[in-house]
Amino acid sequence: MNATRRTGYSPQEIEPKWQRIWAERGVLEADDASPKPKYYDLVMYPYPSGDLTVGHARNYVMGDILARMKRMQGMEVLHPFGWDAFGLPAENAAMKRPGLHPETWTRENIAKATRELKMLGILYDWDREVTACMPDYYKWTQWLFLLFYERGLAYRAMSPVNWCPVDKTVLANEQVINGRCWRHLDVEVEKKDLEQWFFRITDYAQRLLDDLAQLTQWPEKVRVMQTNWIGRSEGAEVDFAVVGGSEAVRIYTTRPDTLFGATFMVLAPEHPLVPQITTPEHRNEIDAYIDKARKETEIDRLSTEREKTGVNTGAFAINPVNGEKIPIWIADYVLMTYGTGAIMAVPGHDERDFEFARKFGLPIREVIAPPTGPQGTLREAYVGPGSMVNSGEFNGLDTKTGFERVCDSLEKRGVGKRAIKYRLRDWLISRQRYWGAPIPIIYCETDGMVPVAKEELPVLLPKEYKPLADNPDFYNVKCPKCGRDARRDTDTMDTFVDSSWYFLRYVSPHDATQPFDSELANHWMPVDQYTGGVEHAILHLLYSRFFIKVLHDAGMLEVEEPFMRLFNQGMVKRFGQVMSKSAGNGVSPDELVAKQGADAGRVYEMFIGPPEEDVEWTDAGLNGVARFLQRVWRLVIEPDSIVVEGGGADAVALARKVAQTVKKVTDDYDTFRFNTAVAYLMELANAMQDYLQRGGTRDSGWDHAVQVLVKLLNPVAPHVAEEMWERLGAEGMLADAAWPEFDAAIAAEPEVTVVVQVAGKLRARLTMAAGASEKKVLDAALADPKVRAALDGSKPSKVIYVQDRLINLVP
RNA sequence: GCCGAGGUGGCGGAAUGGCAGACGCGUCGGUCUCAAAAACCGAUGUCCGCAAGGACGUGCGGGUUCGACUCCCGCUCUCGGCACCA
């Protein structure tokens with residue numbers, strides 16, 4: 001008797017139809033001149049690696065849902081897409097297949113991925129597509145390099161750099177994870193001394209740190225990670241005179257209040273003063289240690305497990321606060337790249353110094369007494385606050401006051417000063433690779449470093465795929481200044497340079513005169529919503545923020561932060577690993593769409609779990625989602641197929657459900673809670689089906705419910721929603737329809753539930769008019785049979801608690 | 001070690017301090033069928049009970065509260081990030 005006539009729709013028929021119509025009508029082409037409020041909806045542009053998976057697609061579906069909803073809400077939406085198309089995987093692919101050019105490989109992958117995105121019904125303004133490896137894009141990357149150069153923010157320096165032996169290129173500090181290459185976590189990076197280009201991001205350290213406070217709509221996690229990465233610390237630089245030498249050793253400390261506890265000094269092995277101060281009898285030992293430290297891998301040197309090593313130089317320094325003569329050692333736990341490359345060692349109040357002192361029998365002195373507990377029994381370093389002892393005139397001061405007084409004293413005597421240090425280091429952007437934007441600099445014997453004139457850009461990559469340093473046709477040029485033989489820089493730029501400004505190119509992608517149109521950038525920026533993986537929490541996001549600040553300072557942009565709201569979606573895993581073609585566990589959008597169509601695939605991607613959490617892919621629930629869409633179709637298009645099974649349909653309850661769903665789904669789409677949004681849509685469909693099964697009439701209330709369901713469904717399942725909209729005979733496209741408004745009057749509960757407890761134990765729940773008086777509530781409670789039973793027939797001795805929605809009776 | 005997030009049915013997961021387990025998957029039962037699949041209808045936290053009903057239940061131990069998955073304290077486990085940064 002419950003047999004239902006076979007009904008439904010075919011995704012294969014309607015999906016291509018609507019994809020064609022959307023493209024023809026340019027549904028998501030952004031109008032720069034629109035009077036509507038703007039909404040910049042950005043997804044992180046991908047590397048076109050050729051293995052677009054349902055994991056990537058999940059991210060783009062989220063962006064698409066938001067774009068479609070914001071459009072229906074009356075906003076002018078900019079939802080562009082592009083390709084982070086320079087980079088090593090293309091070169092690796094070319095090396096595997098001789099004769100294959102990185103560009104060919106990249107273009108093929110872009111074509112394939114584009115087709116898959118369109119097949120999922122994801123709408124972008126394709127007219128604004130940006131491809132980082134195209135000359136009309138990297139021309140402007142080079143232009144921006146020159147801007148940085150002019151502003152003194154690009155410099156060349158010889159320095160020990162991180163070298164990935166597999167990729168055969170240098171890496172920025174951010175690209176070294178635990179001493180290993182970010183692209184190959186099994187490969188330890190080496191240190192090399194090379195002259196390379198750097199961007200002076202450290203000039204912006206304080207602003208990058210301060211402005212994090214503005215980014216209230218970023219995940220706390222990302223802000224903390226950036227804060228730690230920048231790593232600000234406050235302390236003092238102090239000069240220690242070398243006994244018998246002319247030079248002083250400058251150290252950096254965050255604890256000037258422990259200066260009296262310095263019983264020795266430690267210099268980094270690479271410290272330039274080491275050769276000068278080393279006494280003859282220690283020379284051999286010192287040289288051997290330096291040699292050993294140089295050979296050590298980053299991993300070894302950074303290991304905190306390792307026992308301390310070091311060597312005495314034989315030299316002594318004078319502690320400026322008490323004139324004490326203390327030995328100078330070298331040890332690899334002091335890093336040349338942080339602070340001044342030299343420390344005063346205070347073993348009493350620093351764990352590392354304590355360990356070192358223990359091992360080499362150096363004196364340990366307590367100069368900070370803990371607020372409680374025994375004094376003078378240092379069995380480990382005490383690093384907490386306390387009061388100064390054994391510190392001459394400063395005795396008795398607390399840690400904080402001591403810090404200030406010691407600094408004052410040092411500054412007065414000219415032997416030290418307050419200083420702020422950052423962990424952040426300058427951004428190394430040179431790469432010894434072919435597939436990137438060439439650095440537009442020429443080296444001339446006479447004129448030195450000569451930037452290529454901006455009118456001469458782009459410096460084109462030669463067609464032939466081979467290292468630029470091996471390509472004389474590329475590097476042999478005449479000096480722009482003197483006309484004599486000169487040589488081009490044969491390095492290319494880190495691809496993170498490309499990705500630091502691509503979102504600005506979207507505002508004027510065809511501009512042939514400048515990287516971006518400032519007026520349009522000021523119109524569209526900042527990005528309202530940025531969506532992408534948390535793996536870029538430091539690298540890409542920090543670099544982009546830096547770029548925006550530089551462009552702001554150059555007068556090209558009003559904003560100082562690029563991304564207002566950031567969302568990091570979780571990764572899609574399969575068999576416990578992140579999905580990818582190379583790992584052999586990828587599921588392509590093609591495969592997903594082939595099963596139940598694009599709409600079901602989209603809804604399923606959203607329903608599989610909370611968007612910010614990693615999810616394990618299984619398509620077990622895909623059929624359930626497809627069933628849900630078919631059920632919606634029947635309710636909307638074929639309601640006669642629903643068999644009436646009983647009476648008691650409640651039109652008021654349905655109306656309330658509709659209103660509540662509008663609010664919940666709107667909020668959830670807005671805040672990226674797509675999984676619960678889908679659940680609420682399912683609840684509404686269930687309620688509507690129940691209404692019909694109970695013999696509900698298809699009046700205007702029903703029509704309203706139908707319209708709301710179709711509209712709310714549209715962002716996540718646009719093809720079927722659009723088709724239903726058309727069949728309902730509604731005017732215009734659904735894509736242009738107005739978003740349903742939340743009706744608080746209908747959604748409001750006309751009644752409240754009052755909880756009745758007896759002796760603190762729940763006995764009944766009564767439905768009451770919202771404004772019912774306390775007396776009425778009490779009467780109703782006493783009338784309830786369960787409450788009576790609990791009271792054993794007697795009257796309550798007192799009503800101990802009456803609140804809006806609760807009453808507690810004591811027998 | 002430090003910082004951050006988390007621990008809820010067979011599974012994915014819901015819950016402004018107010019009926020824990022929404023929604024879905026799976027499983028079980030039913031309708032249809034010669035049969036199966038699909039589809040549809042129903043049941044489904046655990047335990048006791050024929051039932052009505054009752055007891056117990058959100059990692060562990062305390063606390064606040066009329067009431068705690070939710071707030072506080074302590075512990076534990078898992079996952080992410082950072083880690084000799086002076």
Side-chain angles (χ1 to χ4, degrees), chain A residues 1-8 177-179 219-225 227-229 231-233 235 251-255 258 266 268 301-306 308 331-335 337-346 349-353 355-356 421-425 534-535 537-538 570-571 603-604 607-610 612-625 627-628 630-631 634 641-643 645 673 675-686 689 693 753-762 764-765 800-810:
Chain A
M1 70 180 166
N2 293 322
T4 311
R5 168 162 82 75
R6 192 167 189 86
T7 52
I177 319 278
N178 291 336
E220 181 64 18
K221 179 186 177 178
V222 174
R223 294 189 350 216
V224 168
M225 280 168 78
T227 303
N228 293 341
W229 189 263
R232 179 191 155 103
S233 74
I251 61 100
Y252 175 69
T253 177
T254 54
R255 293 293 301 275
T258 63
V266 186
R301 249 185 104 161
L302 288 179
S303 168
T304 48
E305 310 296 307
R306 209 169 60 133
K308 295 272 178 293
D332 60 9
Y333 80 90
V334 176
L335 309 173
T337 45
Y338 184 78
T340 60
I343 62 158
M344 63 168 190
V346 184
H349 307 285
D350 182 286
E351 283 162 19
R352 296 151 300 178
D353 297 345
E355 205 190 316
F356 194 85
K421 299 283 179 198
Y422 301 90
R423 201 188 84 110
L424 181 69
R425 282 170 236 165
V534 73
E535 65 273 21
I538 294 169
M571 289 179 295
V603 176
Y604 183 62
F607 193 54
I608 187 169
E612 68 280 8
E613 300 282 327
D614 291 353
V615 292
E616 175 73 20
W617 183 265
T618 133
D619 54 18
L622 184 61
N623 289 348
V625 165
R627 259 199 300 276
F628 158 64
Q630 294 289 359
R631 188 157 78 247
R634 276 206 316 281
S641 72
I642 309 288
V643 176
E645 292 176 332
R673 294 189 304 244
N675 55 329
T676 48
V678 171
Y680 291 136
L681 288 171
M682 288 173 167
E683 278 193 54
L684 177 58
N686 291 347
Q689 177 160 333
Q693 283 176 343
T753 302
V754 176
V755 175
V756 182
Q757 297 178 345
V758 176
K761 196 169 168 75
L762 185 138
R765 279 167 195 279
I800 59 165
Y801 196 84
V802 177
Q803 202 183 287
D804 276 10
R805 290 163 64 191
L806 181 131
I807 176 167
N808 191 9
L809 311 173
V810 176

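Lettering follows sequence order; numbering is per chain, from 1.
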Just to confirm, is there a sub-4.0 Å distance from OP1 or OP2 of B/G24 to any side-chain nitrogen or oxygen of A/N686? yes

Do the rings of A/Y333 and A/F356 sit parallel, tilted or perpendicular, given the 30° and 60° boundaries? tilted

Taking any heavy-atom pair under 4.0 Å as a contact, classify A/T340: base, sugar-phosphate, or nothing. nothing

How is A/G231 classified with respect to the nucleic acid when contacts are heavy atoms under 4.0 Å: base, sugar-phosphate, or nothing? nothing

Listed nucleotide nearest any side-chain atom of A/V334, set B/C40, B/A86, B/G12: B/A86

Go through B/C40, B/A14, B/A86 for me and flag the one nearest to the A/P610 side chain. B/A14

Could you measure between the two P atoms, the one in B/G80 and the one in B/G74, and give it in whole Å? 25 Å

Tell me, please, which residues at least two apart from A/D350 pass salt bridge (Lys or Arg N to Asp or Glu O under 4.0 Å). A/R352

Given B/C40, is OP1 or OP2 found less than 4.0 Å from the side-chain N or O atoms of A/Q630? no

Value in whole Å for how far the C1' atom of B/C84 lies from CG of A/D332: 9 Å

Quick one: list whatever passes side-chain contact (heavy atoms from CB on, under 4.5 Å) with A/N623, sequence neighbours left out. A/Q596, A/R627

Test side chain to side chain contact (heavy atoms under 4.5 Å, CB included) applied to A/T258 and A/M344, step by step: CA-CA 10 Å; A/T258 63; A/M344 63 168 190; 3.7 Å; yes

With P as the reference atom in both, quote the distance from B/G67 to B/A51 in angstrom, rounded to an integer. 33 Å

Taking only side-chain N and O atoms of A/R631, does any of them lie within less than 4.0 angstrom of OP1 or OP2 on B/G24? yes

Of the listed B/A86, B/C23, B/C84, the closest approach to the A/I343 side chain comes from B/A86

Protein-to-nucleotide contact annotation, 5' to 3' order, nucleotides 3-10 of chain B [B base; S sugar-phosphate only; - none; under 4.0 Å, heavy atom]: S-------

Let me confirm one number: the OH-CZ distance from A/Y604 to A/F628, rounded to the nearest 0.5 Å. 15.0 Å

When you check the phosphate oxygens OP1 and OP2 of B/A86, does a side-chain N or O of A/Y338 lie under 4.0 Å from one of them? yes

Return the set of residues passing salt bridge (Lys or Arg N to Asp or Glu O under 4.0 Å) with A/E683 (not counting sequence neighbours), or none when no residue passes. A/K657

Distance check needed: B/A22 P versus A/Y680 OH, whole Å only. 13 Å

Under 4.0 Å between a side-chain N/O of A/R423 and OP1 or OP2 of B/A83, yes or no? yes

Of the listed nucleotides B/A15, B/G81, B/C84, the one nearest the side chain of A/T676: B/A15

Quick one: salt bridge (Lys or Arg N to Asp or Glu O under 4.0 Å) partners of A/R673, sequence neighbours excluded? A/D668

Flag the pair A/R255 / A/V346 as yes when at least one side-chain heavy-atom distance between them is below 4.5 Å, and no otherwise. no

Could you state the CD-P distance from A/E351 to B/C84, rounded to the nearest angstrom? 13 Å

A/N228: which residues meet the side-chain contact (heavy atoms from CB on, under 4.5 Å) condition with it, sequence neighbours left out? A/V224

To the nearest Å, give me how far apart CE (A/M682) and C1' (B/C25) are. 10 Å

Distance, C1' atom - from B/G26 to B/C19, rounded to whole angstrom: 26 Å

Can you find a side chain N or O atom of A/R627 that sits less than 4.0 Å from OP1 or OP2 on B/A39? yes

Under 4.0 Å from OP1 or OP2 of B/A14: is there any side-chain N or O of A/N675 that close? yes

Of B/C25, B/A86, B/C23, the nucleotide closest to the side chain of A/E683 is B/C23

A/Q689 has its side chain closest, among B/C84, B/C40, B/C41, to B/C41

Inter-nucleotide C1' distance (B/C69, B/G59), Å rounded: 12 Å

In B/G9, glycosidic geometry as syn within 90° of 0 or anti otherwise: syn

